[in-house]
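Note on naming: letters A, B, ... go to the chains in the order of the sequence lines (proteins, then strands), and numbering restarts at 1 for each one.
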Number of protein chains: 2
Amino acid sequence: MKRHDLTIGDVAERTGLATSAIRHYESEGLVHPYRNDAGQRRFARTDIRRLSFILIAQQLGFPLSDIRDQLAPLPQSRGPNKSDWARMSRRFGRVLDERIAQMQRLRDRLDGCIGCGCLSLETCALYNAEDRAAKRGAGPRFVIDDTVDD
Amino acid sequence: MKRHDLTIGDVAERTGLATSAIRHYESEGLVHPYRNDAGQRRFARTDIRRLSFILIAQQLGFPLSDIRDQLAPLPQSRGPNKSDWARMSRRFGRVLDERIAQMQRLRDRLDGCIGCGCLSLETCALYNAEDRAAKRGAGPRFVIDDTVDD
DNA sequence: ATAATTCTTCAAGTACACTTGAGGGCAAGA
DNA sequence: TCTTGCCCTCAAGTGTACTTGAAGAATTAT
């Protein structure tokens, strides 16, 4: 049987996060430490994994609200098991694959679009269609359009 | 011979950016429109491409300061030509390739690290080493470490 | 037991990337 | 010409993601 009580300092040291950041994540509902009798936070070991995930997702540009949603299906702090994490990993993996594919397309377009100097609207309307329209609901986003005349 | 004068409204319509955003980019030194006699901004057609590039780079998570640096080698607003853009595109393409590779590694690690449930520190120390150490200068970032005990 | 360290809350501050609003000037169509 | 619409600046506000600081309580080390 293992100890299940890490202080915020322990967790900070093991994740590299500032304690203030961890408190902030709690206030935003991304972690749910329990409190000891004196009201101090105590973290389960699994919370380190949770925080690590937050760190990764953050780095990939996901806002905390999205990360909270991704983490939501995991049992509240105590006892998410292997299959919980595996399920969640599969979901997130798909999101990541999308991102990678999107970035790849963007990279290709950079070659074919800025690189060659043609910069046709049609080509870049694709970028527009899939990358921005979904995000901002509407509003035309004609990107990289600029007929070269120099 | 083509007209070389677009108002901020024209540019906003063609890029999908808000005029306030474009003014902000100017104040941050990312675009350099000239002014007419009355002090109104006038943009060259090539500025649309410039702004489109800003939009893309932004979406990829680059801060405006980085984008300014990337754009810096381009001639100031008037007359960056095909080879200017091509050079710049090659540079940015390399940055993008790095990002893609990084994300790919992360995705693989998600499989092998969260996915399987083993979550070994050694595996994730890799993530740590290449993705965070570089960024934050120092400070240990032990990520995803959490021996499963449930 | 005492002292040092770590923890607590809460309010305010910071950085980035803008948006909004006030007050006023310029431009193009009827 | 007039009036509608777009443009200007500047200050202040917004949202996200935190950090910093003050005042004090709990924990740990000696």
Side-chain angles (χ1 to χ4, degrees), chain A residues 3 5-43 47 50-71 132 135-139 141, chain B residues 3 5-44 47 50-71 132 135-137 139 141:
Chain A
R3 276 183 1 275
D5 53 327
L6 299 164
T7 66
I8 196 169
D10 294 335
V11 173
E13 200 182 346
R14 297 195 64 178
T15 59
L17 289 164
T19 56
S20 58
I22 298 170
R23 289 197 192 94
H24 180 62
Y25 295 151
E26 185 192 10
S27 80
E28 294 292 312
L30 281 91
V31 260
H32 310 280
Y34 60 94
R35 303 302 180 108
N36 72 0
D37 291 348
Q40 292 196 354
R41 288 171 185 81
R42 291 297 180 259
F43 293 81
D47 285 331
R50 212 176 162 95
L51 287 164
S52 300
F53 179 80
I54 295 169
L55 210 45
I56 294 178
Q58 258 266 91
Q59 224 178 83
L60 296 176
F62 292 94
L64 295 187
S65 55
D66 284 9
I67 302 175
R68 181 180 38 222
D69 294 348
Q70 288 280 331
L71 285 169
R132 299 212 65 86
K135 268 199 147 168
R136 313 271 169 150
R141 294 256 161 182
Chain B
R3 276 185 358 276
D5 53 326
L6 298 165
T7 66
I8 196 168
D10 294 337
V11 172
E13 200 182 346
R14 297 196 64 178
T15 59
L17 289 164
T19 56
S20 58
I22 297 171
R23 287 196 193 94
H24 180 63
Y25 295 150
E26 184 191 11
S27 81
E28 293 293 312
L30 280 91
V31 259
H32 310 280
Y34 61 92
R35 303 302 180 106
N36 71 1
D37 291 348
Q40 294 197 351
R41 288 171 187 82
R42 291 295 179 261
F43 294 81
D47 285 330
R50 213 176 162 95
L51 287 165
S52 301
F53 179 80
I54 295 170
L55 209 45
I56 293 178
Q58 259 264 91
Q59 225 179 84
L60 296 175
F62 292 94
L64 295 186
S65 56
D66 283 10
I67 302 174
R68 181 179 41 222
D69 295 348
Q70 288 280 332
L71 286 170
R132 298 213 65 87
K135 267 200 148 167
R136 312 272 169 149
R141 294 257 159 180

Does any part of the side chain of [Y], heavy atoms only, come nearer than 4.5 Å to the side chain of [X], both counted from C-beta?
X: B:D47; Y: B:L6; value: no
X: A:Y25; Y: A:Q58; value: yes
X: B:R41; Y: B:R35; value: yes

Compare side-chain N and O positions of [X] against OP1 and OP2 of [N] and report whether any pair is under 4.0 Å apart.
X: B:R35; N: D:dT9; result: yes
X: A:R41; N: D:dT27; result: no
X: B:Y25; N: C:dC18; result: yes
X: A:N36; N: C:dT8; result: no
X: A:T7; N: C:dC7; result: yes

Would you mind reading off the distance between [X] atom [atom1] and [N] atom [atom2], rounded to a whole angstrom?
X: B:I67; N: C:dC16; atom1: CD1; atom2: C1'; result: 12 Å
X: A:F62; N: D:dG15; atom1: CZ; atom2: C1'; result: 19 Å
X: B:R42; N: D:dC8; atom1: CZ; atom2: C1'; result: 11 Å
X: A:L30; N: D:dC18; atom1: CG; atom2: P; result: 10 Å
X: A:R68; N: D:dC18; atom1: CZ; atom2: P; result: 13 Å
X: B:L55; N: C:dC18; atom1: CG; atom2: C1'; result: 13 Å
X: B:I8; N: C:dC18; atom1: CD1; atom2: P; result: 13 Å
X: B:L17; N: C:dA17; atom1: CG; atom2: C1'; result: 12 Å

Given [options], the nucleotide with the shortest approach to the side chain of [X]:
X: A:P63; options: C:dT8, C:dC18, D:dA17; result: D:dA17
X: A:R23; options: C:dT9, D:dA17, D:dT27; result: C:dT9
X: B:L64; options: C:dT8, D:dT19, C:dA17; result: C:dA17

Heavy atoms under 4.0 Å, any strand shown: does [X] hit a base, just sugar-phosphate, or nothing?
X: A:D37; result: nothing
X: A:Q58; result: sugar-phosphate
X: B:S65; result: nothing

- Query: Can you tell me how far the OG atom of B:S20 sits from the CD1 atom of B:I8, to the nearest 0.5 Å?
  - Reply: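 Reported to 0.5 Å precision, the distance equals 8.5 Å.
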
- To the nearest 0.5 Å, how far apart are CD in A:Q70 and CG in A:L30?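 Separation between the atoms: 11.0 Å.
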
